[in-house]
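A short worksheet on the structure shown next.
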Amino acid sequence: MQISSKFDHTKIEKKWYSFWNKNNFFNSEPDDREPFTIVIPPPNVTGLLHMGHMLNNTIQDILIRKARMMGKNACWVPGTDHASIATEAKVVENLKSLGLNKSEISREEFVKHAWEWTEKYGGGILDQLKRLGCSCDWNRTKFTLDDDMYESVILAFIDLHQKGYIYRGYRMINWDPEAETTVSDEEVNYVEEESSLYYLNYPIDGSKEKLIIATTRPETIFGDTAVCVNPKDKRYSKFVGKEAIVPICDRKIPIISDPYVDIEFGTGCLKVTPAHDLNDYNLRNKHKLEIIDIFDSKGRFNENGLHYKNKDRFEVRKEIVKELKEKKILNKSEVYKHNVGRSDRTNAIIEPKISRQWFLKMDQISKPAITNVLKNENIKFFPKKFKSTYRYWLENIKDWNISRQLSWGHQIPAFYYGENKEEYVVAQNKNEAKKIIEKQKGLKLKDDELIQDEDVLDTWFSSWLWPISVFDGIRNPENQEIKYYYPTQDLVTGPDIIFFWVARMIISGYEFRDEKPFSNVYFTGIVRDKLGRKMSKQLGNSPDAIELIDKYGADSVRVGLMLSSAAGNDLLFDESLCQQGKNFTNKLWNALRLVNGWEVDDGKEISEVNSLALEWYENKFNQVLDLINKNYKNYRISDVLMSSYRLVWDDYCSWLLESVKPEFGEKIDNQTKSKIKSLFEDNLKLLHPFMPFLTEEIWYQLASRTSSESITISKWPDSNKFKNDIIINFEIAKDIISYIRNFRKEKNIPFKKELSLYFASKTSDLHYISIIKKLVFLNKIEYSEKDKFKSVNSFIIGSIEFFIPLEGDIDLKSELDRLNKELDYNLKFLKSVENKLKNKSFIDNAPKDIVEKEKKKVSDAKSKIEVIKKALSDLS
RNA sequence: GGGCGCUUAGCUCAGUUGGUUUAGAGCACUUGGUUUACACCCAAGGGGUCAUAGGUUCGAAUCCUAUAGCGCCCACCA
């Protein structure tokens with residue numbers, strides 16, 4: 001049967017994925033093996049696979065497959081996140097296209113739409129992960145709004161409320177006028193933007209003088225409730241205590257002083273708008289000022305905006321500048337750069353707003369998160385550098401605003417009652433709430449006398465429980481699963497969600513289970529294009545993930561991604577990396593074709609060449625295996641790939657297979673072929689975590705297997721001792737081979753023409769003679785005196801002098817040049833080492849073994865120089 | 001403004017507690033190659049004063065200081 005010389009990934013990927021699934025190789029149940037657990041960072045339920053997901057999930061799959069082969073009970077829990085703001089925004093968009101407005105339908109109707117949307121578009125990303133080859137336990141797939149997950153979130157809320165960590169309060173919060181909800185501090189991105197600084201005239205009551213106030217937001221004058229100057233500012237001290245008149249509104253406001261005001265900035269006068277600026281709000285608290293809110297939830301002016309009522313804040317800015325100019329209130333304006341906060345989700349400019357929200361007190365419950373990462377390293381970060389980011393956030397932690405004015409999510413389990421619905425209880429549901437009220441207050445309430453809070457919880461308030469809730473550890477803390485799988489081992493995620501998610505999972509882990517959620521955190525970098533730009537839809541520089549898989553195959557894409565992605569470093573992605581991956585798959589495929597094509601001669605004994613080559617490769621393999629195991633421990637995954645790549649391509653294919661390959665028309669002995677195959681299988685195992693599909697295919701082609709077998713569940717190769725001598729001696733043989741190949745090339749001697757190689761003095765240091773002979777087509781390698789030949793090319797490798805007899809005359813000059821160059825180099829080298837040894841402080845201070853090494857260098861160099869000198873004198 | 005990190009071959013990066021003259025790898029590049037595994041290949045080769053300036057040391061890409069450039073995170077200066 002003829003196997004195609006090109007490997008066709010399309011045929012085998014589907015076949016093997018369904019094979020794995022059918023045989024439940026990825027499923028995990030608690031047993032007596034050691035567990036190895038990863039919970040997936042749940043992607044947005046309606047999202048699509050992008051390059052970041054590909055990288056992140058490839059790494060997780062590598063870790064989980066490796067663990068599975070190590071004999072651990074590997075469990076990778078997949079799932080999706082309801083992503084409240086993002087999904088709700090999409091649903092609102094969709095409703096609009098149907099001619100429906102969110103505000104016109106009931107909450108129940110909206111949630112129903114959202115579920116329909118989720119069922120229609122959701123979960124696609126999980127199927128895409130299957131294309132990548134991810135070995136998740138699909139029986140465990142979770143969604144953050146599943147009933148059990150929902151209940152867990154509610155119970156966690158109730159628990160924290162009972163412990164007194166959750167409270168309700170008025171605070172200055174970040175308002176996203178587009179999504180019409182609050183967002184947490186972490187969800188606000190500050191971007192430097194160019195705008196204008198306007199200088200406005202504020203008349204002083206009962207005086208002809210005026211104050212000039214610099215502001216970037218002239219439209220907020222409607223919310224002004226004071227003017228503030230620095231108490232040390234002599235220019236204005238006479239005005240403090242008087243009143244200024246807000247232009248256009250003609251309202252009188254007090255002139256106060258506070259050291260917060262920077263004398264140097266602008267004119268040194270600050271207008272105070274407590275409802276729409278955090279600092280102003282702080283001033284208001286200190287000086288007991290009035291608060292005037294001027295916006296509605298969409299960022300439009302309310303009645304306090306007078307004739308601008310119902311107009312958008314930015315529209316008004318333009319218009320009011322015009323009005324102020326006309327009324328000669330605008331003194332001047334200048335271009336000004338400052339930071340503007342934008343919503344992470346909608347990119348709308350954030351409006352600071354005072355609002356009543358739910359908060360989680362963080363100072364107490366976050367304590368273990370500091371100790372266990374920074375003090376005792378119970379949780380390790382890879383790379384370490386992110387610990388300092390983490391530390392800063394935790395040491396300056398603020399209370400977490402957990403309520404969102406949305407419908408898609410976990411509805412806050414607070415029930416309001418009483419005349420103004422100001423009193424509330426927190427309970428799992430209305431009935432529970434009624435019971436509690438009756439017990440506490442003796443009130444018997446009817447259903448319609450209780451109203452549940454309209455808000456939902458921040459999405460991260462469900463994700464922070466993920467490693468616990470997927471094993472039902474909140475509702476049922478003593479169940480077998482949570483006890484077995486928790487804490488999980490590795491978390492693979494991006495550093496961009498270190499606060500949103502990683503830190504909070506650690507906090508919740510200690511709070512709810514008094515135990516870390518995972519032992520190691522691997523931070524991936526950002527996938528950028530080759531110009532270093534972040535991949536984004538707008539730039540159109542992100543390749544379509546599925547198209548890449550179609551084009552190159554999942555294995556090639558995985559290899560491409562892993563070729564250059566040290567933990568935490570950004571990855572500059574280019575399609576040529578996938579091509580490199582594809583070339584590698586092709587190389588492996590052809591190695592299979594070669595090996596499988598060999599015909600066996602049962603009567604044939606193993607040759608010296610073959611047994612030497614096999615012995616060398618086994619040693620080499622074990623040396624590399626050691627390195628690979630070490631690199632896995634340190635999460636140096638791309639180094640693991642690179643060592644495996646070179647082992648297979650260079651050592652296995654280029655050296656071993658070329659060494660044992662039968663001559664044309666010859667057959668191979670049985671022993672060599674079976675050994676070559678079993679070494680091939682070991683290679684495949686090392687590569688399997690990176691290239692699951694191809695390795696399975698080849699593994700099956702190499703031997704007849706039963707359908708219950710799979711490389712997926714095969715055993716990772718054992719580490720065996722290796723002899724360094726063998727590896728070093730083979731390196732010398734490689735050098736000799738390279739020299740002769742180069743010699744042929746330079747002298748234009750065809751490969752087919754046999755050569756003879758001699759060594760000029762008797763030695764026992766020369767090994768692998770038979771292999772050298774075979775690989776560079778020599779008829780002999782033996783001792784001879786040089787002067788038996790008319791002309792020779794001599795060279796030194798190690799400390800052995802070799803020569804190749806030449807036909808006809810030699811190019812004396814070029815030979816002399818070559819040898820002189822080598823002599824020169826060695827003399828210089830000798831001198832520098834001797835100088836080092838002459839240095840008394842070196843001898844006194846350097847460790848003994850270093851000095852010994854240097855001494856050996858001297859003797860080696862000396863003998864080499866002798867050889868070269870002799871070769872030179874032979875020539876002349 | 002504060003903090004962290006980076007700067008090594010054309011590109012992407014290794015270089016683990018300072019110890020091979022002439023600092024490694026992969027890719028790219030150059031040259032040669034119709035031997036029946038693979039041109040998605042084979043073989044050989046070229047290429048770096050380790051950002052700059054000082055310092056510590058017998059010895060520095062590696063440790064210290066300063067400078068420049070780049071990146072990231074945090075921060076309410078109107």
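Treat the numbers as computed from the prediction; the structure is a model and nothing was measured. The chains referred to below are lettered A, B, ... by the order of the sequence lines, with proteins before strands, and numbering in each begins at 1.
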- [ ] Check every strand shown and say whether A:Y392 touches a base, only sugar-phosphate, or nothing at a heavy-atom separation below 4.0 Å.
- [x] sugar-phosphate

TODO: Would you tell me whether A:Y260 and A:N279 have side-chain atoms, one donor and one acceptor, within less than 3.5 Å of each other?
DONE: yes

Task: Closest listed nucleotide, where the reference is the side chain of A:S654 and the choices are B:C42, B:A25, B:A37 - done: B:C42

Task: RNA chain B: 5'-proximal contact among A:L197 and A:W655 (nearest heavy atom) - done: A:W655

- [ ] Indicate whether any N or O donor in one side chain lies under 3.5 Å from an N or O acceptor in the other, for A:E575 and A:Q579.
- [x] no

Open item on the list: Salt bridge or not between A:R217 and A:E219? Use side-chain N to carboxylate O under 4.0 Å.
Closed with: yes

Open item on the list: Taking any heavy-atom pair under 4.0 Å as a contact, classify A:N742: base, sugar-phosphate, or nothing.
Closed with: sugar-phosphate

TODO: Give one of base, sugar-phosphate or nothing for A:Y336, where a contact means two heavy atoms less than 4.0 Å apart.
DONE: sugar-phosphate

Task: Over all atoms of both residues, closest heavy-atom pair of A:I253 and A:D224 - done: CG2-O, 3.7 Å

Open item on the list: I want to check one thing: is the phosphate of B:U16, taken as OP1 and OP2, less than 4.0 Å away from some side-chain N or O of A:N631?
Closed with: no

Open item on the list: Please report the distance, rounded to the nearest Å, between CD in A:E575 and C1' in B:C11.
Closed with: 17 Å

- [ ] Ignoring hydrogens and angles, answer whether the base of B:C38 and the side-chain atoms of A:K587 contain a donor-acceptor pair closer than 3.5 Å.
- [x] yes

Open item on the list: Between the base of B:U35 and the side chain of A:K752, is one N or O donor paired with an acceptor at under 3.5 angstrom?
Closed with: no

Open item on the list: Taking only the P atom of each, what is the distance from B:G10 to B:U52 in whole angstrom?
Closed with: 14 Å

Task: Options B:A78, B:A14, B:G26, nucleotide nearest the side-chain atoms of A:N569 - done: B:A14

Task: Touch class at under 4.0 angstrom, heavy-atom based, for A:D277 against every strand present - done: nothing

Task: A:N629 CG to B:U16 P, straight-line distance once rounded to whole Å - done: 21 Å

Open item on the list: What's the gap between B:C58 and B:U12 when it is taken at their C1' atoms, as a whole Å value?
Closed with: 37 Å

Task: Length of the line joining A:R646:CZ and B:G26:P, which is rounded to integer Å - done: 5 Å

Open item on the list: What's A:Y552 touching, base or sugar-phosphate or nothing? Going by heavy atoms closer than 4.0 Å.
Closed with: nothing

Open item on the list: In this structure, how many angstroms lie between the P atom of B:A78 and the CG atom of A:D233, rounded?
Closed with: 18 Å

Open item on the list: Using a heavy-atom cut-off of 4.0 Å across all strands, would you classify A:S738 as base, sugar-phosphate, or nothing?
Closed with: sugar-phosphate

Open item on the list: Once pairs are restricted to Watson-Crick or G-U wobble with both distances under 3.5 Å, how does RNA chain B read as a dot-bracket string, [ ] for crossings and | for other-strand pairs?
Closed with: (((((((..((((.....[....)))).(((((.......))))).....(((((..]....))))))))))))....

Task: Between A:D555 and A:H9: side-chain donor-acceptor atoms closer than 3.5 Å - done: no

Open item on the list: Categorize A:R217 for me: base, sugar-phosphate, or nothing, with a 4.0 angstrom heavy-atom threshold over every strand shown.
Closed with: nothing

TODO: Rounded to whole angstrom, note down the P distance from B:G32 over to B:A25.
DONE: 24 Å

TODO: Measure the distance from CG on A:D529 to C1' on B:C11 and round it to the nearest whole Å.
DONE: 14 Å

- [ ] Grab the two heavy atoms, one from A:P274 and one from A:G223, that are nearest each other, plus how far apart they are.
- [x] CD-O, 3.8 Å

Open item on the list: Given the structure, check if the side chain of A:Q580 and the base of B:A28 hold any donor-acceptor pair shorter than 3.5 Å.
Closed with: no

Task: Integer-rounded Å distance: B:C70 P and A:L572 CG - done: 17 Å

Open item on the list: Tell me whether the NZ or CZ atom of A:K332 lies within the 45° cone about the ring axis of A:Y199 and under 6.0 Å from its centre.
Closed with: yes

TODO: Would you indicate what A:W598 reaches in the nucleic acid, counting non-hydrogen atoms under 4.0 angstrom: base, sugar-phosphate, or nothing?
DONE: nothing

Open item on the list: Using a 4.0 Å heavy-atom cut-off, does A:F584 contact any base of the nucleic acid, only the sugar-phosphate backbone, or nothing at all?
Closed with: nothing

Task: Any donor-acceptor N or O pair under 3.5 Å, side chains A:K271, A:T273 - done: yes

Open item on the list: Side chain of A:K630 only, heavy atoms from C-beta on: which candidate in B:A37, B:U16, B:G15 is closest?
Closed with: B:U16

- [ ] Could you work out the separation of B:U30 and B:C13 based on their C1' atoms and round it to a whole Å?
- [x] 23 Å

Task: Check: A:K620/A:Q623 side-chain N/O donor and acceptor closer than 3.5 Å - done: yes

Task: side chain to side chain donor-acceptor pair (under 3.5 Å) assessment of A:T182 paired with A:N401 - done: CA-CA 8 Å; A:T182 62; A:N401 171 208; 3.2 Å; yes

Task: First of A:H338 and A:N189 reached from the 5' end of RNA chain B, by closest nucleotide - done: A:N189

- [ ] Measure from the side chain of A:S388, starting at C-beta and using heavy atoms only, and say which of B:C73, B:C4, B:A78 lies closest.
- [x] B:C4

- [ ] For B:C73 and B:G47, measure between their C1' atoms and round to the nearest Å.
- [x] 37 Å

TODO: Could you work out the separation of B:C76 and B:U16 based on their C1' atoms and round it to a whole Å?
DONE: 43 Å

Open item on the list: For a quick check of understanding: with a heavy-atom distance under 4.0 Å over all strands, which category does A:E746 fall into, base, sugar-phosphate or nothing?
Closed with: nothing

- [ ] Verify whether the ring centers belonging to A:F523 and A:F382 lie closer than 6.0 Å.
- [x] no

TODO: Taking atom P in both B:G5 and B:C41, compute the distance separating them and give it to the nearest angstrom.
DONE: 41 Å

Open item on the list: Over all strands shown, is A:V595 touching base, sugar-phosphate only, or nothing at heavy-atom distances under 4.0 angstrom?
Closed with: nothing

Open item on the list: Over all strands shown, is A:N339 touching base, sugar-phosphate only, or nothing at heavy-atom distances under 4.0 angstrom?
Closed with: base

TODO: Please determine if a side-chain N or O atom of A:Y645 lies less than 4.0 Å away from the OP1 or OP2 oxygen of B:C27.
DONE: yes

- [ ] Tell me what A:R744 touches on the nucleic acid: a base, only sugar-phosphate, or nothing, going by heavy atoms under 4.0 Å.
- [x] nothing

- [ ] Starting at atom CZ of A:F751, determine the distance to atom C1' of B:U35, rounded to an integer number of angstrom.
- [x] 8 Å

Task: B:U31 versus B:G46 - spacing of their C1' atoms, nearest Å - done: 10 Å

- [ ] When you get a sec, tell me which of B:A37, B:C72, B:A44 is the closest nucleotide to the side chain of A:K745?
- [x] B:A44

- [ ] Nearest whole angstrom, please: distance from the P of B:C74 to the CZ of A:F500.
- [x] 8 Å

- [ ] May I ask you to say what A:K6 touches in the nucleic acid, namely base, sugar-phosphate or nothing, with a heavy-atom cut-off under 4.0 Å?
- [x] base

